[in-house]
Engineer: 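Here you go, one structure.
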Amino acid sequence: MTTRSELEDGHRPSSAGEPADGGTDFIRQRIRRDLESGVVTGGVVTRFPPEPNGFLHIGHAKSICLNFGVAEEFGGETYLRFDDTNPLKESDEYVEAIKADVSWLGFDWGDRLTFASDYFEQLYRFAVELIEQDKAFVCSLSGEEIRSTRGTLTEPGTPSPYRDRSVAENLDLFARMRAGEFRDGEHVLRAKIDMASPNLNMRDPVIYRIRHAHHQRTGSTWVIYPMYDFTHCICDALEGITHSLCTLEFQDHRPLYDWVLDNINVNFHPPQIEFSRLGLTHTVMSKRLLNRLVTEHRVDGWSDPRMPTIAGLRRRGVTPAAIREFCRRIGVTKQDNLVEVELLEFCVRQDLEGSAPRGMAVLDPLKVTLTNYGGDGEVLTAPWHPQLPVLGERELTFGQTLYIEQEDFSDDPPPKYKRLSPGEMVRLRYGYIIRCDEVIRDESGRPVELRCSYVAESKSGSDTSGLKPKGVIHWVDGATAMPVRVRAYDHLFTDAAPDFSDLDAALNPHSLTEHAALVEPAIDASRETRFQFERLGYFHRDPDTAGLYHRTVTLRDGYRP
RNA sequence: UGGGGUGUCGCCAAGUGGUAAGGCACCGGGUUUUGAUCCCGGCAUUCGUAGGUUCGAAUCCUACCACCCCAGCCA
């Protein structure tokens, strides 16, 4: 669950802020045109309408950035409207999580927080209006019967035997539905449109159903609840939404959206404009599947850092600015798309490169003993960020026992190896140059300790040794380093476009690796939460669990062995 | 097989009849006490295919092909 500490985001925005360019996608072009032609006067009004039945993911972020972004750019307003018409699936817990996510992303709905349930009474009256015009009727077919009479993609449906009930009878029945005289499923209110329509949505769609269920906001006030198609368009109209933006799968619903507004007495008719949803490689965006991952414990809840959820990305250390930049770069079109996760990673690195303090941590420690060093406790200084002197400096201790990365030592180095190997020298970042004199191994021959000598006159910043080692590696001082757990993440799914029919087979078995790592004390003591561990990547200190760091993203690796 | 959509570089994506932007990725090269960053350079004679209109077509017309969505009392 989202906790308070997770939301206290001390992230310093990168100087590379978001360009003010409004974008030229087809939706912005359309809005610009509507404004210029005077079709829309009085400002742009948009809305982000989540159903509170799950957590938001990066696909929602695309919609949030679009809706709030467009309103910002054109000087308009955006509603955060919860589409809470199905009490069986929704809960207040999701409402709070969604609000936290939207505001963490950096958007402000001001006093425009609404719920579809705020409009239940008005919705009911519009339904009555439809009945009075003989454009809706109470159908007493079972769900099964309604389905079987809907027809197929190629065959028309057959009209309900209740289609010709009198207006008076319909009015009476609908009132009694509301009064709770019937059981769930006994009756339903249907729009009277066209059972032969090639668009299935127009074949007398159900617009109200009976549900004796407790609603998180209206309690037991209602036992009938309006369906999406009837609700959404009316809420849009009531709120004066000038551009109702939604995803492609609702294109087939647009005729119904328009039909409802055309057949009730409401003086505003927003246009529905559809864009394609976001596809991201190596992950899943379906709420159903995301829910399954959580329920079946394939991940550690909705905020598992491997999840594409906003909460997961937040825990992982991804910044709001990086997500916004990503959404800006992917654009908005009607094309099906599968964006490479590398673009998201690029946005994350770009933001963190210019803002995250640097430090050193060793994920897989290999002991190094300096045989000729006697200055234990020596204090060195290093900048928090070499390119950003304003971030200041931190202190590092040097000592006789150090740890370096196992990967930074090779018995049998490949050509152009720039790390440590027997008899060779390397510089310890911000410290001294050392040479590997002896390798101590365990029974299996694996190196467990390196005995090295350091070059006294090679101290970083005042090097008079004249030596030019091929490389520089990171390290920590055994005497002062803090033991921490570091979690490194890989793709949740092995394939770029996973086959979700077999979730188990599709899941990447190596998506999480935990390291018993060592970090320099200055990192542990810092109140910053995001760091670059030099040569490794960007890491985020877990907001709730002490001594736990998440690898947000690796550094770009130009190393070609 | 009905209806609704979409097809421009490996991935996004500009382009709206005047002769293919940009980003990511990738490949070189330079700087570098992070194999990072940064900097330079390369990367679609061609726009799903085939015809047609036009002085001129990714943009207009015709036909075809491929892919996505729709048969919840979910949203």
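When reading the values below, keep in mind they use all heavy atoms of this one structure, side chains included, and skip hydrogens, waters and symmetry mates. Proteins get letters first, then strands, A, B, ... in listed order; numbering begins at 1 in each.
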Engineer: From CG of A:Asp229 over to C1' of B:C70, roughly how many Å is that when rounded to an integer?
Structural biologist: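 Checked: the CG to C1' distance equals 12 Å.
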Engineer: Taking only side-chain N and O atoms of A:Gln532, does any of them lie within less than 4.0 angstrom of OP1 or OP2 on B:A36?
Structural biologist: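 Indeed not, no polar side-chain atom of A:Gln532 lies that close.
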Engineer: Return the value, rounded to whole Å, for the distance between atom NE2 of A:His253 and atom P of B:G3.
Structural biologist: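 Interatomic distance, NE2 of A:His253 to P of B:G3: 18 Å.
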Engineer: Any side-chain N or O of A:Thr85 less than 4.0 Å from the OP1 or OP2 oxygen of B:A75?
Structural biologist: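 For B:A75, OP1/OP2 do have a side-chain N/O of A:Thr85 under 4.0 Å.
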Engineer: What's the closest nucleotide to the side chain of A:Lys418 if the choices are B:A75, B:G35, B:A36?
Structural biologist: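 Nearest to the side chain of A:Lys418 among the choices is B:G35.
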Engineer: Please state the P separation for the pair B:C38 and B:C24 - nearest whole angstrom.
Structural biologist: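 It comes out at 9 Å once rounded to the nearest Å.
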Engineer: Give me the distance, rounded to whole Å, that separates B:U1 from B:A13 when you measure between the P atoms they each carry.
Structural biologist: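 Per the computed distance, 28 Å lies between those P atoms.
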Engineer: Find which nucleotide of RNA chain B each of A:Arg329 and A:Pro198 is nearest to by heavy atoms, and output the residue with the more 5' nucleotide.
Structural biologist: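 Closest to the 5' end, via its nearest nucleotide, is A:Pro198.
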Engineer: Would you tell me if any nitrogen or oxygen in the side chain of A:Gln335 comes within less than 4.0 Å of OP1 or OP2 on B:A14?
Structural biologist: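 For B:A14, OP1/OP2 do not have a side-chain N/O of A:Gln335 under 4.0 Å.
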Engineer: For A:Leu396 and B:U34, what is the distance between atoms CG and P respectively, to the nearest whole Å?
Structural biologist: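 About 15 Å, once rounded to whole Å.
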Engineer: Mind checking A:Tyr225 for me? I need base, sugar-phosphate or nothing, with any heavy atom below 4.0 Å counting as a touch.
Structural biologist: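 No contact.
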Engineer: For nucleotides B:G30 and B:G22, find the distance between their C1' atoms and express it as a whole number of Å.
Structural biologist: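 Result for the C1' pair: 24 Å, nearest Å.
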Engineer: Of the nucleotides B:C73, B:U34, B:G5, which has the atom closest to the A:Gln251 side chain?
Structural biologist: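 So the side chain of A:Gln251 is nearest to B:G5.
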Engineer: Out of the candidates A:Arg254, A:Arg277, A:Lys334, only one should pair with A:Glu249 under the salt bridge (Lys or Arg N to Asp or Glu O under 4.0 Å) rule; please name it.
Structural biologist: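 Between A:Glu249 and the candidates, salt bridge (Lys or Arg N to Asp or Glu O under 4.0 Å) is satisfied uniquely by A:Arg277.
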Engineer: Side-chain N or O of A:Arg349 less than 4.0 angstrom from OP1 or OP2 on B:C24?
Structural biologist: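 No, outside the criterion.
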Engineer: Looking at B:G72, I'd like to know if its phosphate oxygens (OP1 or OP2) sit under 4.0 Å from a side-chain N or O belonging to A:Arg150.
Structural biologist: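 Answer yes for this pair, as a side-chain N or O of A:Arg150 is under 4.0 Å from OP1 or OP2.
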Engineer: Just to be sure I understand the rule, does A:Met227 reach a base, reach only the sugar-phosphate, or reach nothing, if contact means heavy atoms closer than 4.0 Å?
Structural biologist: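 Here A:Met227 touches the backbone only, sparing every base.
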Engineer: Given atom CG of A:Asp25 and atom C1' of B:G22, what is their separation to the nearest angstrom?
Structural biologist: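 The answer, rounded to whole Å, is 15 Å.
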Engineer: If anything within 90° of 0 is syn and all else is anti, what is B:G28?
Structural biologist: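 In terms of base orientation relative to the sugar, B:G28 is anti.
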Engineer: For A:Tyr538, answer base if it contacts any base atom (sugar-phosphate contacts may also be present), sugar-phosphate if it contacts only those atoms, and nothing otherwise; contact means non-hydrogen atoms under 4.0 Å.
Structural biologist: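 No contact.
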Engineer: Give the nucleotide from the list B:U34, B:A25, B:C73 with an atom nearest to the side chain of A:Arg209.
Structural biologist: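 Selected nucleotide (nearest to the side chain): B:C73.
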Engineer: Just do the side chain to side chain contact (heavy atoms under 4.5 Å, CB included) check on A:Leu344 and A:Ile58 with the steps written out, would you?
Structural biologist: CA-CA 10 Å; A:Leu344 208 212; A:Ile58 192 161; 4.0 Å; yes
Engineer: How long is the line joining CD of A:Glu405 and C1' of B:G35, in whole Å?
Structural biologist: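 These atoms are roughly 14 Å apart.
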Engineer: Side chain of A:Asn86 only, please: which of B:C74, B:C26, B:U34 is the nearest?
Structural biologist: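 Per side-chain heavy atoms of A:Asn86, the pick is B:C74.
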Engineer: Please evaluate residues A:Leu352 and A:Ser355 with respect to the criterion side chain to side chain contact (heavy atoms under 4.5 Å, CB included), reporting the C-alpha separation (whole Å), side-chain torsions for both, the decisive distance (0.1 Å), and the verdict.
Structural biologist: CA-CA 5 Å; A:Leu352 262 17; A:Ser355 63; 4.1 Å; yes
Engineer: Think A:Arg419 has a side-chain N or O under 4.0 angstrom from the OP1 or OP2 of B:G35?
Structural biologist: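 A:Arg419 to B:G35 OP1/OP2: no side-chain N or O under 4.0 Å.
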Engineer: Measure from the side-chain heavy atoms of A:Asn337 and tell me the nearest of B:C12, B:U37, B:C73.
Structural biologist: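 Nearest nucleotide to the side chain: B:C12.
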Engineer: Measuring from the side chain of A:Glu340 (C-beta onward, heavy atoms only), which nucleotide among B:G5, B:U33, B:C11 has the closest atom?
Structural biologist: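 Among B:G5, B:U33, B:C11, the one nearest the side chain of A:Glu340 is B:C11.
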Engineer: Picking from B:U34, B:C69, B:G2, which would you name as closest to the side chain of A:Glu249?
Structural biologist: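 My answer, after comparing the listed nucleotides, is B:C69.
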Engineer: Atom CZ of A:Arg427 to atom P of B:G35: distance rounded to whole Å?
Structural biologist: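 Nearest whole value for this atom pair: 13 Å.
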Engineer: Could you give the distance from CG (A:Asp184) to CG (A:Leu88), rounded to the nearest 0.5 Å?
Structural biologist: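 Going from CG on A:Asp184 over to CG on A:Leu88, the span is 8.0 Å.
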Engineer: When you measure from the side-chain N and O atoms of A:Thr333 to the phosphate of B:A13, is any distance below 4.0 Å, counting only OP1 and OP2?
Structural biologist: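 Answer yes for this pair, as a side-chain N or O of A:Thr333 is under 4.0 Å from OP1 or OP2.
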Engineer: Just call it for A:Ile146: base, sugar-phosphate, or nothing, with non-hydrogen atoms closer than 4.0 Å on any strand.
Structural biologist: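 Answer is base: heavy atoms of A:Ile146 come under 4.0 Å of a base.
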Engineer: Without decimals, in angstroms, what is the distance between A:Glu345 CD and B:C26 P?
Structural biologist: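 The distance from CD of A:Glu345 to P of B:C26 comes to 10 Å, rounded to the nearest Å.
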Engineer: Does the side chain of A:Leu290 reach to within under 4.5 Å of the side chain of A:His57, using non-hydrogen atoms?
Structural biologist: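 Result yes, sub-4.5 Å side-chain heavy-atom pair found.
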Engineer: Check whether any side-chain heavy atom of A:Ile273 lies under 4.5 Å from a side-chain heavy atom of A:Arg30, and answer yes or no.
Structural biologist: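 A:Ile273 vs A:Arg30: side chains touch.
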Engineer: What's the closest nucleotide to the side chain of A:Gln29 if the choices are B:G15, B:A71, B:U34?
Structural biologist: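 So the nucleotide nearest the side chain must be B:G15.
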Engineer: Is any side-chain heavy atom of A:Trp475 less than 4.5 Å from a side-chain heavy atom of A:Ile434?
Structural biologist: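 The answer is no, as the side chains (C-beta and beyond) never meet within the 4.5 Å cut-off.
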Engineer: Rounded to whole Å, how long is the line connecting atom CZ of A:Arg147 with atom P of B:A71?
Structural biologist: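 Spelled out: CZ on A:Arg147 to P on B:A71 is 11 Å.
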Engineer: Would you mind telling me which of B:C69, B:C74, B:A71 lies closest to the side-chain atoms of A:Asp252?
Structural biologist: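 Within the option list, the nearest is B:C69.
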Engineer: Regarding A:Leu343, tell me which of base, sugar-phosphate or nothing describes its non-hydrogen contacts under 4.0 Å with the strands shown.
Structural biologist: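 Sugar-phosphate only.
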Engineer: Between A:Cys235 and A:Leu238, is there a side-chain heavy-atom distance shorter than 4.5 Å?
Structural biologist: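 Not in contact.
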Engineer: For B:C43 versus B:A20, give the span between their P atoms, rounded off to a whole number of Å.
Structural biologist: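 One P to the other, the span is 14 Å.
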Engineer: Between B:A71, B:U34, B:G5, spot the one nearest the side chain of A:Asp336, thanks.
Structural biologist: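 From the listed options, B:G5 comes nearest.
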Engineer: Assign A:Lys287 to base, sugar-phosphate, or nothing according to its heavy-atom contacts below 4.0 angstrom with the strands shown.
Structural biologist: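 The residue A:Lys287 makes no contact with any strand.
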Engineer: Does B:G35 have its OP1 or OP2 closer than 4.0 Å to a side-chain nitrogen or oxygen of A:Arg535?
Structural biologist: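 Checking B:G35 against A:Arg535, a side-chain N or O does come within under 4.0 Å of OP1 or OP2.
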